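Supplied in structure tokens, the structure appears directly below.
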Amino acid sequence: MNDLKNTYAVVDLETTNSNWHDNGRIIQFGCALIENGEITHIYDQKINPKVPIPNRITALTGLSDEDVKDSPTFEEVAPDIFKLLKNRVFIAHNVNFDLTFLNREFKRIGMNQLNVKAIDTVELSQILFPTISSYKLQDLTRYLSIVHKNPHSANSDAHVTAELFLVILKRVQQLPLDTLRLLAKFGKNTLRETDLVFKTVLEEREKNARTEVLPAYLYERGGLILRKKDFHVSEQIDHSTKYPQSKEAKKKLLDGILDYRVNQSNLMDNIYKTSQHRDKYKKWNLIEAPTGAGKTLGYLLPLSYLINSDQKLVIATTTKVLQQQIVEQSIPLLNQVTGNNYHAEIVKSSYNFIDLDRFSEALDNYRLHSHTAILKMKIIVWLTMTTTGDLSELHLTNYSSPLFSIIRHRGEPKENSIYSNDDFWLYQQNRYLESKILVTNQSFLARHLDSQFWGGNSYLVIDEANHFAGSLRDASSPTIDFLKLNEYVKKISDILYQNRVTLRYAFTEVTTQLWNYQDLQTMETHFQAVDELMERIEYNIFGNYIRNKVRFKDRQEFVSILDSSNEFGKDNDKLAELLSDLIVELSLISNRVETLFDQYNFQKNFISVELSKVISNLTIENAKLRTVLKNLDELLQALKSPDNKFGLQLEMRDYYDPKTLKISWRQYDIRDLIADTTDRFSQIFAIGAAITIQKDFSHFILDTQLNQNQINQMVILPDMNSISKNSKIYLPANLPDIQSLNSEEYFDMVTGYIVDVLDNLNHQTMILFNSLNTLAKVYERLMETDVKEKWEILAQGVTGSNEKIKKRFAIGRRSVLLGANSFWEGVDFPKKVLEILIVTRIPFESPEQPDVKIKQDILKQQDLNVFKVDSLPNAILQLRQGLGRLIRTPNDRGVILLLDNRILTKNYGKTILDSLPKGLPVINEDMDSIKKDINDFLN
């Protein structure tokens, strides 16, 4: 019997509560019937639940107690619903909710439960549309251009789910046969009978028994269907055109595309002239370009006339969101303006790309749980779509699945493998080398300054330059957790010992003899050496730097010692010697595991599922070990440089157990990295919207440890957006002193003001926090209020990736975004997407953060006033960046609600206010007056 010829019942329920156990009852039953590939009937039945409908459910569904009071009860309609569904395949978007809820209701009234085949469209969508960032029904229908008139109405939801299923079915029928076979093979791990879709279509296709020809853009390799890719970058650039020097020439170039802006024009001219008259030593150009000055095109356009294969343009930013913005918005705009076709690549490490050899092995040999199988199916389909192999295209909120540890690329060349000609990392490296514009992360640039990707004599633009010093310090600040290191080594030892028979059987007959019965014994000597060395290192560090620094009464607590005075490792040659020996022993173990993995890939005659699991587990642990090895090497190098200024945090979970030791260090001295960066590029433009404090670059120069001899020019472009006219700052009267509140009181206070704003003002709102912990606590409280029924609440680190929630906020009509860190800057929301910004507190860095404390301790040693030269300037810059989220063009209007009255009550408040745009109104009134004024101002 062919299940696809049967009728399908696509069901959606609206309920008083999503939890059946918590008095949840059905208030609406919607069903769409699909017969022979067409939607034939739509059923809509309102149901009287005999319990009150909560206000939040009414707000969501539009159904109130009044709407259903004359409707039949579930007992009255249940027989008809059962009859409608009993001989049909049941489909729902999240089938485990709808079918389970319905069956519990049948059981409650004493009826039999439905025993039918069931298919989940959420899981099917995840597999067949692998690059979508959200699988909510509304988002899927928008993505697939399915008209969805009444979201959260059961009949409308059932109807569009039926349309979605038909789109999915068509997509499955169009898949290459080999891809479909793999999906049918792994489909048994899907929810209920969701795999029916793959199995039935496969049966139909194979029954036709004719040879299927792949489309021209696809090809088969090793059982996988891959998309063809062009290893070369294609650019069409007219090199005969010249930079538009005059105002008229720029206006002509921008005509019909962008408005001419004086600020942007001045920035373009400055960069073009500076690049034409370069100083061999003075390479740094510090430029503050206010928000809305169009700084990205301001540097892209002039430099696009100067770059070539060797002299590239490298742009270093702080966040993935900003990198995507440059590549997906700014480069196309540059091409539109110039009529050229420039190509830009985002440069990242091999770790971001899939290794086809490893994935192919993992398909059959790495089995963990159903979630891993769904990931495999998702990737199988994605491989027919991707030309980059960049795993971030999957838009997962969590890449921590062990599968990713196995299939990530390690950067090694592929020479004799089945996929050597298809290798994504080789392809990516080629594109990096050929591209004239490269975008990367500031920390990545710092770690890979010697890479050939950057060209020989290139221009460097450091965008959001106020973060560059921090990025360089981050790149030089690793952590070593001895307890975890011990776990990794022990795990490798255990795997090798417990599977010694399997390994011996698999590899002793191999002619290369890369593993035999003696190898385990040899490895054991290395494991013993590592144990001894780690114990000696732990006791050396404990005895010299911890034992006498923890008071007796504190020895039952978690130990944390900060050393900012460079005492660690000083006159301790023994520690350096022990660390060096440990690095050697760990390297021998790690290299041996790599050799074993290579041998496994090379030898196909003795492969078994058991062996594959062994190799997979070894690979996971070895990847962790290699990270620690790199960090140990950096620590050793730091200890060998006596003039190196760095701070150290020593932690122990248990004072009486040195094995719980953890070392984290914060590099303060970045002069060498600054010098290396200066040597590497022909010109450097450090650009940002907030670099100066009261029009002075001193803080930036001190923070980046720049030498005056390295600086060519310092430029401040005037603000042309009239921020003082188009924006206001409000401080509610009677705000409590936030330093007098405990955590719970503070979370409640912030939540109360947010709810007040969202209940009374209908404007897209972003709320900025200093800490993700506070953000999460406030989000929890907001989700307990009715606000969540009226607004879509997006929260960084909670409801999805930064990129995902930024996109959702940009297309939202009633969205509120809770953000920290990267959302303070570098995020553009055009027109009226963002009008209200709530700043929960003046963004001072927490002095309790180890990296902040270490930096400030080192500044103190230099007899500097830490608050004046570090804490206050950083808070001012962050606040200015936040203000910049609101006013992007001269026509934008926006307001800030600041929930921190220290700006008025503390002496430093005047310094902060004086650093903000001149004439910006600061209004301190009661909330009713503030809400009225905001409405009048924005409307």
Side-chain angles (χ1 to χ4, degrees), residues 226-239 275 278 283 299-300 303-317 320 322-324 326-328 330-332 334-335 338 340-357 386-393 408-417 419-463 475 673 676-685:
L226 306 173
R227 199 174 191 92
K228 290 179 182 174
K229 48 190 178 282
D230 184 355
F231 270 72
H232 298 285
V233 169
S234 76
E235 292 181 313
Q236 281 98 38
I237 298 165
D238 183 357
H239 293 288
S275 302
R278 289 176 288 177
K283 295 183 179 181
Y299 61 70
L300 278 175
L303 292 171
S304 71
Y305 289 90
L306 301 168
I307 56 178
N308 53 53
S309 300
D310 186 50
Q311 195 160 19
K312 302 184 180 195
L313 168 56
V314 178
I315 305 166
T317 67
K320 289 179 183 175
L322 194 50
Q323 289 174 52
Q324 292 295 135
I326 291 169
V327 171
E328 294 173 9
S330 303
I331 298 298
L334 173 70
N335 289 335
T338 61
N340 287 319
N341 181 23
Y342 289 99
H343 176 83
E345 285 283 339
I346 296 177
V347 182
K348 47 181 85 169
S349 72
S350 64
Y351 192 67
N352 293 275
F353 300 92
I354 189 169
D355 183 320
L356 288 172
D357 287 289
T386 184
T387 58
T388 68
D390 186 341
L391 291 163
S392 69
E393 290 176 1
R408 288 183 185 279
H409 207 295
R410 308 294 167 81
E412 73 271 33
K414 302 285 181 180
E415 289 167 3
N416 299 314
S417 83
Y419 296 105
S420 54
N421 294 325
D422 317 284
D423 186 45
F424 285 113
W425 179 235
L426 177 65
Y427 162 80
Q428 208 58 44
Q429 289 178 89
N430 203 61
R431 294 182 75 81
Y432 293 160
L433 290 169
E434 291 188 2
S435 293
K436 296 178 182 67
I437 301 175
L438 298 173
V439 183
T440 192
N441 178 278
Q442 291 176 4
S443 295
F444 182 88
L445 178 73
R447 291 189 184 101
H448 302 90
L449 271 172
D450 58 350
S451 171
Q452 59 180 333
F453 299 150
W454 316 127
N457 195 27
S458 300
Y459 300 100
L460 172 64
V461 171
I462 303 167
D463 206 338
L673 270 173
D676 291 344
T677 306
T678 307
D679 291 343
R680 187 69 181 79
F681 295 96
S682 65
Q683 278 287 301
I684 299 168
F685 297 92

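Predicted model, so just to flag it, every value in this text is computed and none were measured.
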I'd like to know whether Ser420 forms a side chain to side chain donor-acceptor pair (under 3.5 Å) with Asp423, so could you lay out the CA-CA distance, the side-chain angles of the two residues, the decisive distance to 0.1 Å, and finally the verdict.
CA-CA 5 Å; Ser420 54; Asp423 186 45; over 6 Å; no
Within 6.0 Å of NZ in Lys229, more than 12 heavy atoms from elsewhere
yes
Any heavy-atom pair between the side chains of Asn340 and Ser304 that's under 4.5 Å?
no
Please name the pair of heavy atoms, one in Tyr299 and one in Ile326, separated by the smallest distance, quoted to 0.1 Å.
OH-CD1, 3.9 Å
May I ask you to test the Leu303-Ile437 pair for a side-chain heavy-atom distance under 4.5 Å?
no
Among Leu356, Thr387, Leu391, Thr388, which one satisfies side-chain contact (heavy atoms from CB on, under 4.5 Å) with Phe424?
Leu356
Flag the pair Leu460 / Trp454 as yes when at least one side-chain heavy-atom distance between them is below 4.5 Å, and no otherwise.
no
So is Lys312 actually on top of Phe453's ring, under 6.0 Å and inside 45° of the axis?
no
Taken in chain and number order and not counting sequence neighbours, the residues that satisfy salt bridge (charged side-chain N to carboxylate O under 4.0 Å, His left out) with Asp390 are Lys348
Indicate yes or no for a side-chain donor-acceptor contact from Ser458 to the backbone of Gln311 under 3.5 Å, with no hydrogens or angles considered.
no
Just say parallel, tilted or perpendicular for the rings of Phe685 and Tyr459, cut-offs at 30° and 60°.
tilted
Note, Gln428 side chain near Trp425 side chain (heavy atom, < 4.5 Å):
yes
Are the side chains of Arg227 and Thr386 in contact, using a 4.5 Å heavy-atom criterion?
no
